[in-house]
Amino acid sequence: MQGPTGVKLEAASAASRFEGLQDLEQELKLRTASASLAERCQDGSPSQSLLNTEFLAAQAGCLLSVGEIKVSPCQQWMAYTRDFIGHGGAVACIRNMKGHSDAPDLQYKAVNVEWANDGRTLVLTCPDQTGRPCQVSMLDLHHPPTVPTLVFEEHDIKHFVQLTQSKDESLIMINSHSKTASEVHLLATNQPWTNGLTCVQPRQEGLEYFVEHHQGWLYILTNLGKPGQELTLCRAPLSQPNRRHWQVVLGARAGAALEDLDIFHSCAILHWRENGHQRLSRISLDCLQSGKPGHAEGLNDAHGCPDMGWRLVQPLLHVSEAAQHTTGCTRLHTLTRASLEATANGSLRCTTLWAQAQDGTKVPVTIAYDSEQVQPPCSSPALVYAYGAYGRCLDISWVPEHQVLLEQGFVIAFAHVRGGGELGRRWHQAGCGPRKEQSILDLISCLDHLIEAGFTSPGQIGLHVTSAGGILLGNVLNRRPDLLGAGIARSPFFDLLDTMTNPEAYLTQHEYSEWGNPMDSPQALDQVRRICPYTNLSQAVEPGP
């Protein structure tokens, strides 16, 4: 591995990726208007166009975005969410796949759907007038058309609601999360109309948790009510889900950040980082049941499949490897391997630099370059990506346009500043709320370090940001315009002060934990003013040449 962000691990279903698609939902093909319906399926039967997105967009006269596509367990119904961009928001559409092809879809205002196992009940997440998902309703398709029955409503505007389903398909989770608190309700999928909802743990400010299920046990990732602490894996009986009954399976430890959990029929796969390096661990659930210690290795995506597959992708250089592991075996079987580096005479390099921030903290910077064209000290052009918010890790996957830039002698870099999640939840905590300015200071240190290390020079850097990353770009332009030759901003967030001082604006109260609440604290107001790009515009300086 090439440093804390040197290798990306991507989950892959062994059942679907390596053994072929098995059921109708996986066989579902989205065809455009130009696709030939004379094409035949693998079993020789004529293919059927179930959803023609190009036709729907042309009919509506606007752009169409399709979100979720889910087929009912009885394989009679297909539910999908679609949004005609700029025309009323997301809608859930329900199509009878065994009915007449020209029959109109049932349509409901919804952003998220899940099927119950009775084959007739669809659970929907519905938004309010601002677009915030806040209501959960159920719909019985044996008696359409009908008004969905409301089963849950979230009144706190800081909380957003999302449906998920357990890997074993026995439970639907109604997840209500804010930036700093969680509340999860469970709905049994076998009898959704009679069993009612079960609350795992009523919300407590600072307590975050995320739930999975296996054979009567809930497996819970939680910060145990300590903001900024890395996640702990707990479990509790389904019949006693309250926090009083949570048993620690894997506690937080220094240098390790648990990020996600996959549950399968006999094991759990943990996604985590160790000092920034991405890791996967396999814990035997049978061992947990008997009290024996678990052990590591593996990944999968389908609950009942014994084969666990994954893909290792070296960032920026398109070096990838797919591998497969069978439960109970100790060997890995490599399925495919592709390497761009082999076709580039081995001159491409990917490594991690460590920039020293003003407070002495080391900040990782992932870089890629062609060593035949970039030989420090030099003044090569550099494209730098940054984000630094919400605990999100930068996506450093290879994209085709990077290859062109590398061939032209560019340095591609990713600055993993505080506020992101590359070094765990503490890394995010160190760059949010009252410490939000630290993300900006880290980025300036990273840019200075690229210059000091001889990879580029002032005015030769292009800074690429998206959304909340606009705060970083705006502040570099205001504070150190000599560093940049260009700024690339996609849907940037620049007007921080006006947004955060208007509590009635959409998402403002939801964002207080990330940017601070200027309505509640003079110190928070001072910081928001200090880092707001619009507020600090200066005509005295201009970007570099």
Side-chain angles (χ1 to χ4, degrees), residues 315-316 347-358 362-389 394 396 399 401-420 437-494 496 530-545:
L316 309 174
S347 61
L348 295 181
R349 297 287 181 266
C350 181
T351 189
T352 299
L353 305 177
W354 292 87
Q356 182 167 310
Q358 294 181 11
K362 297 292 186 178
V363 181
V365 184
T366 300
I367 66 168
Y369 60 96
D370 186 330
S371 60
E372 291 184 353
Q373 300 193 59
V374 179
Q375 298 178 353
C378 62
S379 59
S380 299
L383 178 60
V384 180
Y385 291 82
Y387 187 73
L394 284 172
I396 57 175
V399 292
E401 52 266 34
H402 286 158
Q403 180 181 351
V404 177
L405 293 176
L406 291 169
E407 291 172 351
Q408 296 298 316
F410 270 73
V411 174
I412 308 294
F414 290 81
H416 307 290
V417 301
R418 278 172 280 189
E437 191 172 11
Q438 192 62 60
S439 303
I440 300 164
L441 301 177
D442 282 0
L443 178 57
I444 292 173
S445 296
C446 289
L447 299 179
D448 280 334
H449 186 74
L450 284 173
I451 295 170
E452 293 165 2
F455 284 98
T456 187
S457 61
Q460 287 287 88
I461 298 173
L463 181 58
H464 188 292
V465 300
T466 302
S467 188
I471 301 298
L472 299 182
L473 172 60
N475 275 275
V476 174
L477 287 171
N478 286 335
R479 301 181 185 199
R480 291 289 306 278
D482 59 297
L483 292 172
L484 301 183
I488 306 100
R490 298 178 58 190
S491 304
F493 182 28
F494 286 143
L496 181 65
R530 194 167 59 249
I531 68 175
C532 176
Y534 278 168
T535 303
N536 295 282
L537 281 174
S538 172
Q539 297 180 357
V541 292
E542 295 180 357

Inset, instruction - Kindly determine whether His464 and Leu383 satisfy side-chain contact (heavy atoms from CB on, under 4.5 Å), including the steps that lead there. - result: CA-CA 7 Å; His464 188 292; Leu383 178 60; 4.1 Å; yes
Inset, instruction - Go through the steps for Val417 and Ile440 under the test side-chain contact (heavy atoms from CB on, under 4.5 Å), then give the verdict. - result: CA-CA 8 Å; Val417 301; Ile440 300 164; over 6 Å; no
Legend entry - Candidate pair Tyr369 and Phe455, rule ring pair (Phe, Tyr, Trp, His ring centres under 6.0 Å), full reasoning: CA-CA 9 Å; Tyr369 60 96; Phe455 284 98; 5.2 Å; yes
Inset, instruction - Apply side-chain contact (heavy atoms from CB on, under 4.5 Å) to the pair Gln356 and His449, showing each step before the final yes or no. - result: CA-CA 8 Å; Gln356 182 167 310; His449 186 74; over 6 Å; no
Inset, instruction - Show your working on side-chain contact (heavy atoms from CB on, under 4.5 Å) between Arg480 and Leu447 and close with a plain yes or no. - result: CA-CA 10 Å; Arg480 291 289 306 278; Leu447 299 179; over 6 Å; no
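In this structure, Ile488 and Leu463 have side chains that are not in contact, with every pair of non-hydrogen atoms separated by 4.5 Å or more. Residues Pro381 and Val411 have side chains not in contact (no heavy-atom distance under 4.5 Å, counting atoms from C-beta outward). The shortest side-chain heavy-atom distance between His416 and Thr366 falls under the 4.5 Å cut-off. Looking at heavy atoms from C-beta onward, Ile367 lies in side-chain contact with Leu450 at the 4.5 angstrom threshold.
A donor-acceptor pair is defined here as one N or O able to donate and one able to accept, closer than 3.5 Å; such a pair exists between the side chain of Ser439 and the backbone of Arg418. Asp370 places no side-chain N or O within 3.5 Å of a backbone atom of Glu407 that could act as its donor or acceptor partner. Put simply, the side chain of Ser380 never gets that close to the backbone of Thr456: no donor and acceptor are under 3.5 Å apart. A donor-acceptor pair under 3.5 Å is absent between the side-chain atoms of Gln358 and the main chain of Leu441, judged by distance alone. Here the side chain of Asp482 pairs no donor or acceptor atom with the backbone of Gly459 at under 3.5 angstrom. Put simply, the side chain of Asn475 gets close to the backbone of Ile531: a donor and an acceptor are under 3.5 Å apart.
Between Ala415 and Leu394, the closest heavy-atom pair is O-CD1, 3.5 Å. The two residues Leu473 and Gly487 come nearest to each other via the heavy atoms CD1-CA, 3.9 Å. Here the closest non-hydrogen pair linking Cys532 and Phe494 is SG-O, 3.7 Å. Shown here for Leu406 and Ala368, the closest heavy-atom pair between the two residues is CD2-O, 3.5 Å. Scanning both residues, Thr352 and Pro364, for their nearest heavy atoms gives CG2-CB, 4.0 Å. Listed here is the closest heavy atom pair of Gly409 and Val374: O-CG2, 3.5 Å.
Remark: Asn478 CG to Thr535 OG1 distance equals 9.5 Å, nearest 0.5 Å. Rounded to the nearest 0.5 angstrom, Leu483 CG and Ser457 OG are separated by 10.5 Å. To the nearest 0.5 angstrom, Glu401 atom CD is 9.0 Å from Ile412 atom CD1. Note: Glu372 CD to Leu348 CG = 9.0 Å, rounded to the nearest 0.5 Å.
Between His402 and Tyr385, the angle of the ring planes goes over 60°, which puts this pair in the perpendicular group of the 30/60° scheme.
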